2 protein chains.
Amino acid sequence: MLTERQRMILNAIVDDYISSAEPVGSRSISKRGDVGYSPATIRNEMADLEELGYLEQPHTSAGRIPSHKGYRYYVDHLVPWNSAESAEMGTIRAFFAEKLNATEQVIQHAAMILSNMTNYTSILLGPEVFHTSLRHFQLLPLDGNNAVAIIVTSTGQVENRTVQIPPEISLSEMEKVVNLLNSKLVNVPLYKLKSQLYSELGEEMQRHISHYEELMQVLDKALESDHEQRIYLSGATNMLTQPEFKDVDKVKTILDLLEETPTLLKMLAPASGGTGIQVRIGTENKHEAFANCSLITASYSLDGKALGSIGILGPTRMEYARVMGILGIISRDLTAMLAHWYK
Amino acid sequence: MLTERQRMILNAIVDDYISSAEPVGSRSISKRGDVGYSPATIRNEMADLEELGYLEQPHTSAGRIPSHKGYRYYVDHLVPWNSAESAEMGTIRAFFAEKLNATEQVIQHAAMILSNMTNYTSILLGPEVFHTSLRHFQLLPLDGNNAVAIIVTSTGQVENRTVQIPPEISLSEMEKVVNLLNSKLVNVPLYKLKSQLYSELGEEMQRHISHYEELMQVLDKALESDHEQRIYLSGATNMLTQPEFKDVDKVKTILDLLEETPTLLKMLAPASGGTGIQVRIGTENKHEAFANCSLITASYSLDGKALGSIGILGPTRMEYARVMGILGIISRDLTAMLAHWYK
DNA sequence: GTTAGCACTCTGTCGAGATGAGTGCTAACC
DNA sequence: GGTTAGCACTCATCTCGACAGAGTGCTAAC
């Protein structure tokens with residue numbers, strides 16, 4: 001659709017604008033050297049590109065800035081791939097060489113590294129406990145009324161919550177049930193846990209145990225999925241360094257949204273379905289507050305199942321090439337690491 | 001030292017400035033009505049107060065603003081106490097009426113409530129695991145190499161970490177040790193755990209167990225105090241709404257500091273020593289970035305031992321009365337709740 | 001098809017003047 | 001002697017016009 005020259009010029013404009021944040025004029029493109037035409041020629045092409053919707057003019061007599069469509073084209077066709085490979089590899093490799101002794105720590109640390117390297121905001125979705133399976137279940141009495149329920153998953157994550165135990169349930173009975181549960185439900189995926197609890201154990205328990213109803217309620221509560229996904233946010237304040245966000249009020253609405261877990265989940269969730277690196281530009285994001293932001297996401301997985309995702313949030317004027325490169329490497333390495341860990 | 005009239009005027013100025021964020025002039029004080037003097041008289045007193053160091057003038061012909069010393073005097077002698085009791089009690093009571101089933105959730109929720117009610121930033125230090133004691137210890141093999149170590153404290157908190165198990169240690173041996181540990185070290189405070197491990201179990205284990213050295217290393221790692229205190233931050237973006245922080249760069253340095261756990265720990269730590277509500281104004285805070293901020297802290301406790309602390313960070317021009325009231329209530333209620341829970 | 005030239009447009013900046021809030025001082029008042 | 005009215009003075013902020021600069025669109029020449 002676009003001529004080779006138009007692509008070159010569009011590419012030059014996006015590149016320039018990404019690094020300068022100022023509308024770029026025909027003269028500065030001409031001077032760059034990689035497009036060997038005079039300002040006048042470039043002006044003509046720019047007018048065409050604007051008509052086609054790839055560029056915008058803040059006002060007459062200002063330079064052009066890329067439109068969302070322009071960014072989209074850039075990301076889809078012009079981004080110079082693999083550029084990050086050489087430059088940032090060192091930092092990333094160093095990170096993965098460090099021994100960290102919990103998945104959670106790795107993820108958290110990765111979030112920090114990412115935001116530091118990119119100077120944007122990184123959003124990491126912790127491993128989805130949902131798809132891992134039960135390794136061990138335990139109910140530990142604290143005092144007369146309360147007990148801690150502990151669930152260990154196949155990936156070594158530990159979930160816990162306190163539950164109230166009705167006084168009519170005896171300790172020995174509880175122990176019996178917990179043993180039963182461990183013998184029958186180990187290796188069952190967490191999301192199937194509750195249904196299997198009823199189908200596999202229901203009958204047997206009803207026969208052997210006196211306070212079936214009450215006990216079931218306790219277990220129900222203990223296995224309840226408060227297994228919400230954990231979100232790790234890092235470098236939120238990097239938003240403040242971007243010239244387009246010098247208006248405090250706009251930043252405030254964005255940062256406020258970033259404090260809301262559900263919003264973040266919604267933003268990252270659909271990405272975990274697709275494969276590879278996804279870019280959502282400006283209004284392609286659900287929230288209108290993110291109209292001037294782009295979100296680049298990737299996901300990491302275990303045994304082919306997507307476990308969680310990684311996102312980088314920045315202004316639409318974002319260093320797509322670099323970020324996409326880094327994100328690709330990190331998601332790949334994270335996947336590899338998990339695989340190696342729980343092989 | 002100050003005359004009654006000077007106190008009245010200082011009080012009026014601080015009050016006014018707190019709500020307006022603009023230097024306050026003699027006329028507006030006179031018009032308030034609670035100080036029954038003409039602007040001229042008030043001007044004279046203001047000049048005196050400035051000489052004494054309680055007030056400052058941004059420039060000639062601007063109104064006065066309180067100096068740090070002025071705020072200090074206000075907080076120490078003029079703050080109208082108990083004002084919050086009636087107004088905000090409802091919200092707080094409603095919060096504590098809600099059933100939440102984990103200490104962690106309560107703290108996290110409390111942070112949110114606090115920042116919402118005050119429109120400042122709230123910083124909560126989670127319960128100090130350090131002073132609670134061991135309830136149960138467990139080592140759960142994941143695969144050939146790794147195991148999850150789980151520590152349950154007397155307050156029902158669950159800590160976990162993955163450790164590597166050298167292949168030469170057998171499962172049955174490990175079980176033996178864990179049982180020994182549970183029988184001998186239950187109810188020992190966590191901070192004494194390691195030393196007691198050696199003094200109480202050292203000999204016995206050396207006799208019965210073959211790979212003493214290796215096993216000790218595993219336990220050492222498992223019991224290591226990664227029990228860092230958890231920090232819950234809420235409403236950090238509220239900083240952005242304050243007119244004194246409309247300069248993006250200053251806010252950035254503050255928000256960046258708030259992302260650093262060690263900084264927050266340092267800021268809140270000394271407060272847990274003292275009793276009651278503490279106010280640190282401007283440069284009384286350690287970091288120079290917080291020169292324009294005040295931090296109000298309180299702590300909550302269990303069995304008389306301070307477990308953690310609560311802080312509210314805002315501009316020096318802060319609603320001291322309200323915040324101190326609210327903080328007082330919350331810390332009291334939090335303490336009461338913990339006591340009731342683990343009575 | 002490409003480029004030089006030129007008129008035109010729009011923004012950002014700078015300085016001058018106007019505005020207004022607030023002070024400090026003096027003198028009058030109770 | 002404490003209190004207040006009056007007045008000159010100061011300083012920040014707002015407004016407005018002029019001006020420079022960057023960039024465009026168009027036309028005509030190459």
Side-chain angles (χ1 to χ4, degrees), chain A residues 2-10 12-17 19-67 70 243-244 246-247 317, chain B residues 2-10 12-17 19-67 70 243-244 246-247 317:
Chain A
L2 295 186
T3 69
E4 187 54 36
R5 195 167 70 185
Q6 283 175 323
R7 294 160 57 114
M8 272 174 60
I9 291 177
L10 179 57
I13 291 176
V14 176
D15 266 1
D16 239 50
Y17 186 64
S19 55
S20 75
E22 308 262 287
V24 0
S26 53
R27 222 177 91 88
S28 54
I29 294 296
S30 174
K31 273 201 299 192
R32 281 170 50 117
D34 52 351
V35 188
Y37 294 96
S38 77
T41 311
I42 291 173
R43 273 207 292 283
N44 287 330
E45 294 287 24
M46 279 162 81
D48 290 350
L49 282 170
E50 183 174 358
E51 217 167 307
L52 290 169
Y54 293 99
L55 296 179
E56 286 173 352
Q57 225 174 353
H59 56 85
T60 1
S61 93
R64 304 300 210 291
I65 64 176
S67 66
E244 38 263 272
K246 65 173 186 291
D247 176 12
R317 181 189 62 77
Chain B
L2 294 187
T3 68
E4 186 55 35
R5 193 166 73 185
Q6 284 174 323
R7 293 159 58 112
M8 271 174 60
I9 291 177
L10 178 56
I13 291 176
V14 176
D15 266 2
D16 238 51
Y17 185 65
S19 55
S20 75
E22 309 261 287
V24 1
S26 52
R27 223 177 92 85
S28 51
I29 294 295
S30 174
K31 274 201 298 189
R32 280 169 53 117
D34 53 350
V35 189
Y37 294 97
S38 76
T41 310
I42 293 173
R43 272 207 294 282
N44 287 329
E45 294 286 26
M46 280 163 80
D48 289 350
L49 283 170
E50 182 173 357
E51 218 166 304
L52 290 168
Y54 295 98
L55 295 180
E56 286 173 351
Q57 225 174 354
H59 56 88
T60 358
S61 94
R64 304 302 209 289
I65 62 175
S67 67
E244 37 264 272
K246 63 176 189 288
D247 175 12
R317 182 190 62 76

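Protein chains get the first letters and strands the later ones, always in sequence-line order, with residue 1 at the start of each. Here the structure is a predicted model, which is why all the values come from computation and not from measurement.
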Inset, instruction - Nearest whole angstrom, please: distance from the P of C:dA21 to the NE2 of B:H59. - result: 13 Å
Legend entry - N/O (side chain, A:R64) to phosphate O (OP1/OP2, D:dG25) under 4.0 Å: yes
Legend entry - N or O in side chain of B:T60 less than 4.0 angstrom from D:dC11 OP1/OP2: yes
Inset, instruction - Calculate the interatomic distance between A:I9 atom CD1 and C:dT2 atom P; express it in whole Å. - result: 10 Å
Legend entry - Student check: side-chain heavy atoms of A:Y37 and A:R5 closer than 4.5 Å: yes
Inset, instruction - In whole angstrom, give the distance that lies between atom CG of A:N44 and atom C1' of D:dT27. - result: 11 Å
Inset, instruction - Answer whether the closest heavy-atom distance between the side chains of A:V14 and A:L10 falls below 4.5 Å. - result: yes
Legend entry - A:R64 and A:L49, any side-chain heavy atoms less than 4.5 Å apart: no
Inset, instruction - Look at the side chain of A:Y37 and decide which nucleotide, out of C:dG24, D:dG25, C:dT3, has an atom nearest to it. - result: C:dT3
Inset, instruction - Report yes if at least one side-chain N or O of A:S38 is closer than 4.0 Å to OP1 or OP2 of C:dT3; otherwise report no. - result: yes
Legend entry - Atom-pair distance (CD on B:E22; P on D:dC11), nearest Å: 20 Å
Inset, instruction - Compare all side-chain heavy atoms of A:E22 with those of A:P243 and state whether any distance is below 4.5 angstrom. - result: no
Inset, instruction - Rounded off to whole Å, could you give me the CD-to-C1' distance for the A:Q57 and D:dA22 pair? - result: 12 Å
Inset, instruction - May I ask you to evaluate whether A:S26 reaches the phosphate of D:dT24, defined as a side-chain N or O under 4.0 Å from OP1 or OP2? - result: yes
Legend entry - Rounded interatomic separation in angstrom, taking CG from A:L55 and P from D:dG23: 15 Å
Inset, instruction - Compare all side-chain heavy atoms of B:S38 with those of B:T41 and state whether any distance is below 4.5 angstrom. - result: yes
Inset, instruction - Go ahead and name the base partner of D:dC30; Watson-Crick or wobble counts if both distances stay under 3.5 Å, otherwise write none. - result: C:dG1
Inset, instruction - Output yes when at least one side-chain N/O atom of A:R5 is less than 4.0 Å from OP1 or OP2 of C:dT2, else no. - result: yes
Inset, instruction - Please tell me which of B:G63 and B:A40 maps to the more 5' nucleotide of DNA chain C, matching each residue to the nucleotide holding its nearest heavy atom. - result: B:G63
Inset, instruction - Report which part of the nucleic acid A:T41 touches: base, sugar-phosphate, or nothing (heavy-atom distance under 4.0 Å, all strands). - result: base
Inset, instruction - Report yes if a donor N or O on one partner sits less than 3.5 Å from an acceptor N or O on the other, where the partners are the side chain of B:S61 and the base of C:dT23; otherwise report no. - result: no
Legend entry - Between C:dG24 (P) and B:E51 (CD): distance, integer Å: 10 Å
Inset, instruction - Mark yes or no for a side-chain to base donor-acceptor pair under 3.5 Å between B:R43 and D:dG6, with no hydrogen or angle criteria applied. - result: yes
Inset, instruction - Identify the nucleotide, in any strand shown, that forms a Watson-Crick or G-U wobble pair with D:dT10, with both distances under 3.5 Å; if there is none, say none. - result: C:dA21
Legend entry - Integer-rounded Å distance: D:dG25 C1' and A:D48 CG: 13 Å
